[in-house]
Amino acid sequence: MSAEERFDPISRVGAPDALGQAVRLRGWVQRSRSSGGILFLQIRDRTGLAQVTAKRDRIGDAAFDSAEHVQIEGTVEIRGSVAEDQRAPGGREVRADSVTVLSAGEPFPMFQEQTEEFLLDHRHLAIRSPELVSVFRVKAELLGAFRRFFERDDVLEITPPILTGNPAEGGAEAFEIDYFGRPGYLSQTAQLYLEAMIAPHERVYAITPSFRAEKSRTPRHLTEFQHLEGELAWTDLAGLMQFIERMVVDVLHDLAKRRPEELKRLGRAPEELRKIEAPFERLRYADAIEWLAGQGFPVTWGSDLGTAEERALTLTLERPLFLTHFPKEIKAFYMAQSPDDPRTVEAADLLAPEGYGEIVGASARETDIARLTERIRATGAPLEEYEWYLDLRRHGNVPHAGFGLGIERILRWVLRREHIRDTTPFPRTPARHTP
Ligand code: 4AD
Ligand code: MG
């Protein structure tokens, strides 16, 4: 018999037909109290929580003495039967016939009011908190929802490299590594590889870690984040925005359907997500600048918009907003020049509502090889490094467009977390790459 078959999931205790039945459980002790020869344990596994009562005269002195000394987060195995108890969570308890201590453990350090630094230093233990347990279940569901959407929409998942020979999103923010004596970089974006993959597959996506050596400490920047990127052949900016809004709505509705309890526990009513529908509003950069200037922000045409400006633009919104047609000087080299205005590019950022700001960066790609070459030159990067990318314009060049979405960024908004680090189990920031 395999180890898996011998134990009941703790959720079994609450099952309608479990009353009076024998169960065999194992899990982590969350709470422990003993009085007058009775030990009350609350134990946890991935499926739930149960209250266990163990009597000294039932389980024996030796077992009782050892069970009494189990620390919080120690592990135990219980055999017993399910009984009604109005005071227990869920109205049930397990009356133990035997308690076996698997690991008594040492005193768990996570209890008293702890500073933020202490909690981050002990992140490997803090991830057991009910709040973080819920966050990472929602995150897994979110990743699944994106994959289900792409599967239904016939977009192929691909696996681009993380070790790369050129920094694709701006050299200053690339982590440089020593690649056997030559410079290498941790990927900032898989975009150029996705663009290569559309010739044979037309519609592709990838979910990979991306790295940004941004020193700025903000509540929305990580140095390592999960990057969902998509690239579609035969599409322009308008078509891409329709795809993105359909994807975001689909994924939010899926999440609301599959994880309502966790969402509620984390402060987001599932109905709020269900209410979000396409189309999202589109606002041109030029109009945003005019509005912001009117609100007293020190911006003029050509200014890059920061956290404060994005916050002002989205604070009172209930749906995301597309900001479009930025000046080319503040955007990446690969973005297509607008057909009706050579000063702007066919780009859109999707801003989350309630002040959370950018969650997606998207654009139609420059297909004109002369203009593209000029834009690469203007970045100051050696052109040789981009020869392979220019080859994509020489062989089977088609209109195409794509986007990158920060998984932790969208999760931060959906779960209303104050800091992006609370959307990832082991956050990487300028100050920290351990534990
Ligand atoms: O806007 P970005 O820099 O766009 C690109 O990298 C494109 N090459 C993507 C593409 O078209 N394939 O990054 C895309 C998204 C941002 O909108 C943001 O959500 C997230 O990635 N992001 C970060 N998330 C957390 N921490 C950071 N430091 C991030 N930098 C970008
Ligand atoms: Mg961006």
Side-chain angles (χ1 to χ4, degrees), residues 139 142 146 155 158 160 162 164 166-175 185-198 203-232 235 237 240-241 243-244 247-248 285 304-307 309-310 314 320-324 326-327 330-336 345-352 356-366 375 379 389 400-414 417 419-424 427-430:
K139 189 175 191 177
L142 180 70
F146 276 113
V155 184
I158 62 159
I162 302 303
T164 62
N166 51 6
E169 265 321 306
E173 288 171 0
F175 280 107
Y185 302 90
L186 296 181
S187 174
Q188 297 170 295
T189 173
Q191 179 189 324
L192 308 192
Y193 300 100
L194 269 75
E195 284 190 64
M197 297 289 274
I198 60 165
R203 300 154 68 80
V204 295
Y205 80 97
I207 303 176
T208 60
S210 276
F211 302 86
R212 305 280 167 104
E214 285 169 295
K215 286 230 178 67
S216 54
R217 297 184 190 201
T218 79
R220 60 180 198 164
H221 286 91
L222 294 166
T223 53
E224 176 177 353
F225 65 97
Q226 294 297 316
H227 206 171
L228 166 74
E229 295 179 90
E231 197 72 29
L232 308 174
T235 306
L237 181 63
L240 179 66
M241 286 194 284
F243 179 91
I244 292 169
M247 170 185 78
V248 169
Y285 168 88
D304 209 349
L305 301 183
T307 307
E309 288 83 8
E310 288 187 359
T314 61
L321 160 77
F322 280 117
L323 203 55
T324 72
F326 299 86
I330 61 170
K331 287 292 184 188
F333 69 86
Y334 47 71
M335 295 184 176
V345 283
E346 292 294 283
D349 281 357
L350 186 67
L351 310 186
Y356 286 93
E358 180 184 341
I359 52 176
V360 176
S363 65
R365 314 310 192 188
E366 184 58 80
R375 294 290 306 278
T379 67
Y389 182 64
H400 63 290
F403 67 91
L405 174 150
I407 293 290
E408 290 82 7
R409 287 273 182 97
I410 189 171
L411 201 59
R412 175 175 174 244
W413 160 53
V414 168
R417 299 294 96 176
H419 201 290
I420 194 168
R421 67 176 166 241
D422 285 325
T423 61
T424 197
R428 298 294 181 245
T429 58

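Start at 1 and go down the list; that is how both ligands and their atoms are numbered. Keep in mind it's a predicted model, so treat the numbers as computed, not measured.
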Can you find a side-chain donor-acceptor pair between E231 and Y193 that sits under 3.5 Å? no
To the nearest 0.5 Å, atom CG of L305 lies from atom CD of E358 at 10.0 Å
Does any non-hydrogen side-chain atom of F225 lie less than 4.5 Å from one of T424? no
Cut-off under 2.8 Å, centre the Mg ion (ligand 2), protein N/O/S atoms: E358 OE2
Whether T164 side chain and Y185 backbone form a donor-acceptor pair below 3.5 Å: yes
Starting at CG of L222, measure out to CZ of R428 and round the result to the nearest 0.5 Å. 10.5 Å
Using a 3.5 Å cut-off and no angle test, enumerate the donor-acceptor pairs between side-chain atoms of residues 345-352 and protein atoms at least two apart in sequence or in another chain.
{"from": "E346", "atom 1": "OE2", "to": "H325", "atom 2": "NE2", "distance (Å)": "3.2"}
{"from": "E346", "atom 1": "OE2", "to": "S338", "atom 2": "OG", "distance (Å)": "2.8"}
{"from": "D349", "atom 1": "OD1", "to": "K331", "atom 2": "NZ", "distance (Å)": "3.4"}
{"from": "D349", "atom 1": "OD2", "to": "K331", "atom 2": "NZ", "distance (Å)": "3.1"}

Does any pair with a residue in residues 402-412 pass salt bridge (Lys or Arg N to Asp or Glu O under 4.0 Å), and if so which ones, sequence neighbours excluded? K139-E408
Sorted by chain and number, the residues that approach ligand 1 to under 4.0 Å with a heavy atom: E169, T189, Q191, R212, E214, R220, H221, L222, F225, H227, E229, Y334, E358, I359, V360, G361, R365, G402, F403, G404, G406, R409, I420
Give a yes or no on whether the backbone of G402 and the side-chain of Q191 come within a donor-acceptor separation of less than 3.5 Å. no
Starting at CD1 of I407, measure out to OG1 of T423 and round the result to the nearest 0.5 Å. 10.0 Å
